[in-house]
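Down below is the structure, laid out as structure tokens.
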Amino acid sequence: MVPDSRGVRFEADGAVGRVVLDRPEAANAFDLPAARALGEAVTAAESPTVRAVTVTGEGKRFCAGGDVASFVATTDRPSYLQNLATELEAQLRRLAALPKPVVAGVHGAVAGAGLAFMLNSDLVVAGRSTKFVFAYPGIGLTPDCGVSYLLPRAVGQQRALELALSGRVLAADEACAWGLVSEVVDDEQVAPRTGELAARLANGPMLAFGEAKRLIRGSWEVSRADNAEDEARTIARAVANNEAERLIKEFLSS
């Protein structure tokens with residue numbers, strides 16, 4: 001375990017790395033030290049011994065987004081918020097870019113920048129009672145941490161606008177139907193199901209998983225032709241990998 005009193009900790013459980021949001025007294029909201037602690041946890045998750053990653057939160061809520069109390073306490077709110085948004089988004093982008101599966105387990109409530117943790121994960125398990133809310137306009141602020149970029153790609157532009165402008169609170173089943181989460185389970189099953197998925201993925205083909213993530217997440221920013229060339233180069237590299245050779249042999253002999 002990598003201890004951290006600033007709001008995020010990292011634990012290794014065999015081949016699974018656990019990123020735990022650990023400010024339950026603040027609904028796991030992020031101030032600047034917590035954002036930096038997230039970066040240290042992501043660095044730990046980059047270890048080659050870690051083959052899958054989970055993201056979970058302590059306490060009653062997964063993540064309330066930015067820590068409003070920390071905004072109020074600073075003498076220069078614009079500079080503080082810009083620094084916080086920049087730092088947290090950078091670490092979330094590193095989380096998304098990990099060449100290994102990332103599984104988020106969410107519960108209670110997910111608000112504001114908390115949505116970004118889901119959008120930067122590959123699979124999302126939600127407790128049945130979880131509520132999801134855009135939240136930013138409630139305090140007169142605008143989206144950050146990539147939410148305005150990733151949310152419409154996950155749920156569509158009009159649904160993203162509805163969340164942003166209407167104040168609508170999504171229930172877990174609605175969030176699943178919209179494509180915001182992968183599956184919904186009973187609240188007490190969030191932790192075991194998240195761990196189960198990560199453990200199963202940790203036993204899978206890492207190169208194939210990592211490259212599939214890169215191709216899919218990067219496809220929004222390149223042309224169809226460039227993506228096709230990248231796909232062809234990548235599959236050609238992959239077929240020469242020892243893992244692929246073994247799996248192909250097993251497939252042909254089955």
Review point. Under 3.5 Å, side chain of D226 to main-chain N/O of V222, donor-acceptor pair present?
Key: no
Check your understanding: Which pairs pass salt bridge (charged side-chain N to carboxylate O under 4.0 Å, His left out) with one or both residues in residues 100-122, sequence neighbours excluded?
Key -> D122-K213, D122-R217
Check your understanding: S79 side chain to D76 main-chain N or O, any donor-acceptor pair under 3.5 Å?
Key -> no
Review point. Would one find more than 12 heavy atoms of other residues, nucleotides or ligands at under 6.0 Å from atom CD of E25?
Key: yes
Review point. For F30 and L88, what are the C-alpha separation, side-chain angles and deciding distance, and is it a side chain to side chain contact (heavy atoms under 4.5 Å, CB included)?
Key: CA-CA 8 Å; F30 272 78; L88 186 51; 3.8 Å; yes
Check your understanding: With sequence neighbours excluded, what pairs up with A27 under the side chain to side chain contact (heavy atoms under 4.5 Å, CB included) test?
Key -> R61, A64
Exercise for review: Would you name the heavy atoms of S70 and Y80 that are closest together and state the gap between them?
Suggested key: OG-OH, 3.2 Å
Point to revise | R23 backbone acceptor or donor facing N28 side chain under 3.5 Å | key: yes
Review point. Does a sphere of radius 6.0 Å around CZ in R233 hold more than 12 heavy atoms from other residues, nucleotides or ligands, not counting ones at 6.0 Å or beyond?
Key: yes
Point to revise | Hphob cluster co-occupancy, V103 + V42, side-chain heavy atoms under 4.5 angstrom | key: no
Review point. Between L151 and L119, which heavy-atom pair has the shortest distance, and what is it?
Key: N-CD1, 3.8 Å
Review point. Quick one: does E243's side chain have a donor or acceptor within less than 3.5 Å of a partner on M206's backbone?
Key: yes
Point to revise | Residue pairs, two or more places apart or on separate chains, that pass side chain to side chain donor-acceptor pair (under 3.5 Å) and touch residues 163-176 | key: E162-R168, R168-E174
Review point. Does a donor on one side chain sit under 3.5 Å from an acceptor on the other, for D187 and S129?
Key: yes
**Study point:** Stepwise salt bridge (Lys or Arg N to Asp or Glu O under 4.0 Å) check, R246 with E250
**Key:** CA-CA 6 Å; R246 175 180 60 80; E250 290 177 2; 3.1 Å; yes
Point to revise | Test item: S182 side-chain N/O and L123 main-chain N/O as donor-acceptor pair under 3.5 Å | key: no
Review point. For the hydrophobic clusters of this structure (ILVMFWY residues joined by side-chain heavy atoms under 4.5 Å, transitively), does one cluster hold both V181 and W178?
Key: yes
Check your understanding: Going only through I, L, V, M, F, W and Y residues with side-chain contacts under 4.5 Å, is there a path from Y136 to V169?
Key -> no
**Study point:** Validation row, ring centre F132 to ring centre F62 under 6.0 Å
**Key:** no
Check your understanding: Are more than 12 heavy atoms from other residues, nucleotides or ligands located less than 6.0 Å from atom CD of Q82?
Key -> no
Point to revise | Step-by-step side chain to side chain contact (heavy atoms under 4.5 Å, CB included) determination, E183 to L197 | key: CA-CA 11 Å; E183 61 181 272; L197 282 173; 3.8 Å; yes
Check your understanding: Looking only at heavy atoms, which two atoms of K131 and A171 are closest? And how far apart?
Key -> NZ-CB, 4.1 Å
Check your understanding: Does K249 come within less than 4.0 Å of E245, counting only side-chain N to carboxylate O?
Key -> no
Point to revise | Polar side chain donor-acceptor pair, T234 to R214, under 3.5 angstrom | key: yes
Exercise for review: Could you tell me whether a side-chain N or O of R193 sits under 3.5 Å from a main-chain N or O of V185, the two making a donor and an acceptor?
Suggested key: no
Point to revise | Side-chain donor-acceptor contact under 3.5 Å, T54 with T56 | key: no
Check your understanding: Does atom CD1 of I235 have more than 12 heavy-atom neighbours, drawn from other residues, nucleotides or ligands, at distances under 6.0 Å?
Key -> no
Check your understanding: What are the two closest non-hydrogen atoms of L32 and N83, and how far apart are they?
Key -> CD1-O, 4.0 Å
Practice item. Check for a donor-acceptor pair, side chain of S254 on one end and backbone N or O of F251 on the other, with a separation under 3.5 Å. Key: yes
Practice item. Would you sort out whether R93 and E89 count as a salt bridge (Lys or Arg N to Asp or Glu O under 4.0 Å), showing the intermediate values? Key: CA-CA 6 Å; R93 202 157 11 105; E89 192 279 332; 2.7 Å; yes
Point to revise | Nearest atoms (heavy-atom pairs only) where P101 meets F209 | key: CG-CD1, 3.6 Å
Check your understanding: Does the side chain to side chain contact (heavy atoms under 4.5 Å, CB included) test come out yes or no for V16 and R51, once each step is laid out?
Key -> CA-CA 6 Å; V16 176; R51 294 173 59 90; over 6 Å; no
Exercise for review: Over all heavy atoms of both residues, which pair between L170 and A175 is shortest? Give the atoms and the distance, please.
Suggested key: CD1-CA, 4.1 Å
Check your understanding: Should W220 and V155 be regarded as members of a common hydrophobic cluster, given that ILVMFWY residues are connected when their side-chain heavy atoms come within less than 4.5 Å of each other, either directly or indirectly?
Key -> yes
